Amino acid sequence: MAMQKKMVEDITSMEVDFAKWYTDVVKKAELIDYSSVKGCTIIQPYGCAIWENFHDILDKRLKETDHENVLLPLLIPENLLQKEKDHVNGFAPEVAWVTQGGDEKLTERLCVRPTSEVLFCEHYKKVINSYRDLPKLYNQWGSVVRWEKTTRPFLRTTEFWWQEGHTMHETEKEAIDETINMLDIYADICENQLAIPVLKGKKTDKEKFAGAVATYSIEAMMHDGKSLQSGTTHYFGDGFAKAFDITFQGRDNKPQFPCQTSWGMSTRIIGAIIMTHGDNDGLVLPPAVAPIQVIVIPIAQHKDGVIDKATEIKKRISAFCRAKIDVRDYSAGWKFAEYEMKGVPLRLEIGPKDIENNQCVIVRRDNREKYIVSLDNLETEIPKLLEELRKNLYEKALQNRESKTYSAKNFDELCNIAQEKNGFVKAMWCGDLECEMKIRDKAGLSSRCMPFAQEEVSDVCVCCGKPADKMVVWGKAY
RNA sequence: CGAGAUGUGGCUCAGUUUGGUAGAGCGCUGCGUUCGGGACGCAGAGGCCGCAAGUUCGAAUCUUGUCAUCUCGACCA
């Protein structure tokens, strides 16, 4: 009997070690490679293609809502960064500095942008003069650098790619609406395209962005019950505008400060996709961002006409989906495993018997269900299956979240849940930082957000017992 | 940043205790046989042993430093 040889492509199963499973998937699916600088990763073609698909989806939504893309510098002079106190204090520990140009020491050091608020402010000061210049709805696609102590592929890297929207508005209401509308767009893309259910809510003061009046986020639950902040929007009021002396002449002919927002989603979302949908065979990609939606695999491809027929089918379905054909000289089984690892939503097998019967076999990645489909029906069946797969991914993710969501009325309950389970805990909070800190230190949970969809778990704070009317979702986070 | 672990062909690792001139499996290349769930045979190619300094006649192996990766913790818009 032949010895079963060790498969180098083996992926650690999630139940054994979720963290290792994650890095195995990231590496084996060839999403990223490490560079020689700590926390800096190379996003490989397959990972990059996922990001590009995400980029296209979001960019389209931004343009539909009148946002314009710009490109700002990578470097920020120190004095500029210093202008807004809270902001600089928040970011100081994690900025990288350029101190030398060629052989010459710089008279003023330059920071590599950790985010671009101050750059946008400097520019907005110049281009905003009248209420007629507002709103300004700018967005930038680019990368930023944050010198993190602990890094993990996609989830927290030293350099990461993202979009950062920075907008200026005439009124407070308009700016607040912008932060909420953007959060809605983020949530909509997550849920309807990426099949990731999210909680929309407001961050506590402790968790909010340095310099913001309010921060909102969408929180997604990963397969292991941990939370991943997957998109954020900030309302700044006129704090930055004052610090940077940005004024415009109002409708009343008087100088006024505009109100500002910023918001971003990053390559971290790829981590969310992996940890929401992936399984022990590797990635499972939602069709909207899958670089390959249908992989065509010719069976017994050495036989006459098989490759021709498969190529013809690939060309035909390319009209309505991202399709690829693999005619490499690997066994069919090898290819099956390969594309399952890469999370390709649908596999289309076509062999001599199929050709004879004018049919093919389509297999779904999410549940391995096999369908025998007439070649006459590909145009209707493939989109239908892709959509069913998306729905199923969403349902499974939602079910996972719901099965790992608990509620606690008092501190003991909260601690017990935190001790025994991984997941979200709904509990009331009085609003005091002290209670939030105690919950972090004693229960090991941080506040994820105060969901817009509030529920009254009880009427007193889970920590101090004083009257409370805010429900907070607590959890462990990436 | 604290504690621990690791770094040897593309990948997974052995070799380090006791210093003596580098190994295996997989992958890769070529040819042939296979081909509906990770096929097989034969023949090949491929390694400044993370980097730097030191000890030594001699270092993958010992010493020091440094960089990176992983795990846990602290930190983390």
Side-chain angles (χ1 to χ4, degrees), chain A residues 2-12 17-24 26-28 30 32-41 84 86-95 113-117 144 146-153 155-158 160 162 164 203 205-212 214-217 228-229 231-234 236 262-266 268 281-282 297-303 306-307 327-341 347-355 359-361 363 368 370 372 440-441 444 446 476-478:
Chain A
M3 283 253 292
Q4 183 67 41
K5 58 178 177 300
K6 189 184 173 241
M7 301 296 179
V8 289
E9 293 88 353
D10 266 354
I11 293 168
T12 308
D17 185 342
F18 193 79
K20 184 138 201 308
W21 168 83
Y22 177 78
T23 43
D24 280 354
V26 163
K27 287 290 291 169
K28 300 281 160 58
E30 297 178 302
I32 68 110
D33 190 20
Y34 296 102
S35 78
S36 51
V37 179
K38 179 181 158 61
C40 291
T41 55
E84 215 285 342
D86 290 341
H87 187 63
V88 67
N89 288 342
F91 278 104
E94 53 181 10
V95 291
R113 62 184 175 203
T115 179
S116 305
E117 270 73 12
V144 290
R146 297 180 189 179
W147 219 257
E148 303 281 359
K149 315 260 190 212
T150 301
T151 58
R152 297 192 69 190
L155 304 176
R156 177 162 290 109
T157 48
T158 302
F160 59 90
W162 72 346
E164 44 179 329
K203 286 287 193 184
D205 282 351
K206 178 181 170 297
E207 299 284 327
K208 81 181 180 193
F209 182 82
T215 290
Y216 304 91
S217 76
L228 187 71
Q229 182 175 315
T232 326
T233 73
H234 312 289
F236 289 114
S262 80
W263 26 271
M265 273 183 87
S266 72
R268 175 185 268 191
D281 292 315
I297 302 202
I299 304 295
Q301 62 182 26
H302 59 289
K303 293 197 175 150
V306 172
I307 288 188
V327 297
R328 291 179 298 171
D329 189 23
Y330 288 113
S331 72
W334 188 93
K335 291 177 189 173
F336 296 169
E338 172 77 4
Y339 291 99
E340 280 169 7
M341 188 177 69
R347 173 172 85 234
L348 191 156
E349 302 170 21
I350 177 111
K353 290 175 212 160
D354 299 312
I355 295 171
Q359 66 181 35
C360 65
V361 175
V363 183
R368 312 303 170 96
K370 281 193 181 187
I372 292 169
R440 189 195 67 180
D441 296 338
S446 62
K476 298 185 178 105
Y478 275 101

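No experiment lies behind these values; they were computed from the predicted model shown. We name chains A, B, ... by the order of the sequence lines, and we start the count at 1 in each one.
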Taking all non-hydrogen atoms of both residues, which atom of A/Ala300 and which atom of A/Val306 are closest, and how far apart?
-> O-CG2, 3.6 Å
Rounded to whole angstrom, note down the P distance from B/U6 over to B/G10.
-> 22 Å
Roughly how many Å is it from CG in A/Leu155 to C1' in B/C70, rounded to a whole number?
-> 14 Å
Remember a base hit wins even if backbone is also touched, and classify A/Arg156 as base, sugar-phosphate or nothing at under 4.0 Å, heavy atoms.
-> base
Taking the nucleotide of RNA chain B with the closest heavy atom to each, which residue, A/Thr215 or A/Val363, is nearer the 5' end?
-> A/Val363
Rounded to the nearest 0.5 angstrom, the CZ-CZ distance for A/Arg268 and A/Arg156 is 5.0 Å
Short side-chain donor-acceptor distance under 3.5 Å, A/Ser116 and A/Glu164 | yes
Going 5' to 3' along nucleotides 43-53 of chain B, which nucleotides have protein heavy atoms under 4.0 Å from the base (write B), which only from the sugar-phosphate (write S), and which from neither (write -)?
-> -----------
Assess whether one donor atom and one acceptor atom, taken from the side chain of A/Arg347 and the base of B/G37, lie less than 3.5 Å apart.
-> yes
Under a 3.5 Å limit on both distances, the Watson-Crick or wobble mate of B/C1 is B/G73
Results of side chain to side chain contact (heavy atoms under 4.5 Å, CB included) for A/Lys38 - residues two or more places apart only | A/Thr151
Which one is paired to B/C62, where only Watson-Crick or G-U wobble pairs with both distances under 3.5 angstrom count?
-> B/G54
Residues two or more places apart in sequence or in another chain: which of them pass ring pair (Phe, Tyr, Trp, His ring centres under 6.0 Å) with A/Trp147?
-> none
Of all the heavy-atom pairs spanning A/Lys335 and A/Tyr330, show the shortest one and how long it is.
-> CE-O, 3.5 Å
Only counting residues at least two apart or in another chain, list the ones meeting ring pair (Phe, Tyr, Trp, His ring centres under 6.0 Å) with A/Phe336.
-> none
Could you measure between the two P atoms, the one in B/G38 and the one in B/G25, and give it in whole Å?
-> 23 Å
Within a radius of less than 6.0 Å around NZ of A/Lys206, do more than 12 heavy atoms belonging to other residues, nucleotides or ligands occur?
-> yes
Determine the contact category for A/His234: base if any of its heavy atoms lies under 4.0 Å from a base atom, sugar-phosphate if only primed atoms, P, OP1 or OP2 are that close, otherwise nothing.
-> sugar-phosphate
A/Lys20 NZ to B/C70 C1', in whole Å, measures 9 Å
Provide the distance between the two C1' atoms, one in B/G58 and one in B/G20, to the nearest whole Å.
-> 7 Å
Rounded interatomic separation in angstrom, taking NZ from A/Lys149 and C1' from B/C67 = 17 Å
Length of the CD-P vector between A/Glu207 and B/C75, whole Å = 11 Å
Roughly, in whole Å, what's the span from NZ in A/Lys28 to C1' in B/G38?
-> 14 Å
What integer number of Å spans the P atoms of B/G41 and B/U34?
-> 15 Å
Across all strands, who's sitting opposite B/G41 as a Watson-Crick or G-U wobble pair, both distances under 3.5 Å?
-> B/C31
Please measure how far the C1' atom in B/G9 lies from the corresponding atom in B/C49, and state the result in whole Å.
-> 10 Å
Taking B/U69, B/C76, B/G73 as options, the one with an atom nearest any side-chain atom of A/Tyr34 is B/U69
Contact class for A/Lys38 (heavy atom, under 4.0 Å): base, sugar-phosphate, or nothing?
-> sugar-phosphate
Which nucleotide sits closest to the side chain of A/Glu94: B/C75, B/C76, B/C1?
-> B/C76
Look for any protein N or O under 3.5 Å of an N or O in nucleotides 30-36 of chain B and output each such pair with its distance, or none.
{"from": "B/C35", "atom 1": "O2'", "to": "A/Ala300", "atom 2": "N", "distance (Å)": "3.4"}
{"from": "B/C35", "atom 1": "N3", "to": "A/His302", "atom 2": "ND1", "distance (Å)": "3.2"}
{"from": "B/C35", "atom 1": "N4", "to": "A/His302", "atom 2": "ND1", "distance (Å)": "3.2"}
{"from": "B/G36", "atom 1": "O6", "to": "A/Lys353", "atom 2": "N", "distance (Å)": "3.2"}
{"from": "B/G36", "atom 1": "O6", "to": "A/Asp354", "atom 2": "N", "distance (Å)": "3.4"}
{"from": "B/G36", "atom 1": "O6", "to": "A/Asp354", "atom 2": "OD2", "distance (Å)": "3.3"}
{"from": "B/G36", "atom 1": "N1", "to": "A/Asp354", "atom 2": "OD2", "distance (Å)": "2.5"}
{"from": "B/G36", "atom 1": "N2", "to": "A/Glu349", "atom 2": "OE1", "distance (Å)": "2.9"}
{"from": "B/G36", "atom 1": "N2", "to": "A/Asp354", "atom 2": "OD2", "distance (Å)": "3.4"}

Have a look at A/Gly444 and say if it touches a base, only the backbone sugar-phosphate, or nothing, with a 4.0 Å heavy-atom cut-off.
-> nothing
Could you give the distance separating B/C72 and B/U66 at their P atoms, to the nearest angstrom?
-> 25 Å
Whom does B/U16 pair with, Watson-Crick or G-U wobble, provided both distances fall under 3.5 Å?
-> none
Any donor-acceptor pair under 3.5 Å between the side chain of A/Ser35 and the base of B/A68?
-> no
Provide the closest heavy-atom pair for A/Asp86 versus A/Ala210 in the form atom of the first, atom of the second, distance.
-> O-CB, 3.3 Å
Which value, in whole Å, describes the distance between the C1' atoms of nucleotides B/A24 and B/G15?
-> 11 Å
Taking every non-hydrogen atom, the tightest pair across A/Val327 and A/Pro298 | CG1-CG, 4.1 Å
Between B/U71, B/U69, B/G37, which one does the side chain of A/Ala337 approach most closely?
-> B/G37
Between B/C11 and B/G27, how far is it from one C1' atom to the other, in whole Å?
-> 7 Å
Between atom NZ in A/Lys203 and atom P in B/C76, what is the gap in whole Å?
-> 12 Å
Candidates B/G38, B/C70, B/U71 - which lies nearest the side chain of A/Ala19 | B/U71
Residues that A/Tyr34 engages under side chain to side chain contact (heavy atoms under 4.5 Å, CB included), provided they are two or more places apart | A/Thr23, A/Lys27, A/Ile32, A/Thr41, A/Pro153
Less than 3.5 Å between a donor and an acceptor, one on the side chain of A/Glu340 and one on the base of B/G38, is that the case here?
-> no
In whole angstrom, what separates A/Ile32's CD1 from B/U69's C1'?
-> 11 Å
Value in whole Å for how far the P atom of B/C72 lies from CG of A/Asp17 = 8 Å
B/A68 pairs with which nucleotide, Watson-Crick or G-U wobble, both distances below 3.5 Å?
-> B/U6
Side-chain N or O of A/Arg152 less than 4.0 angstrom from OP1 or OP2 on B/C76?
-> no
Quick one: do A/Ser217 and A/Gln229 satisfy side chain to side chain donor-acceptor pair (under 3.5 Å)? Show the steps, please.
-> CA-CA 7 Å; A/Ser217 76; A/Gln229 182 175 315; 4.9 Å; no
Looking across every strand, which nucleic acid part, if any, lies under 4.0 Å from A/Pro153 by heavy atom: base, sugar-phosphate, or nothing?
-> sugar-phosphate
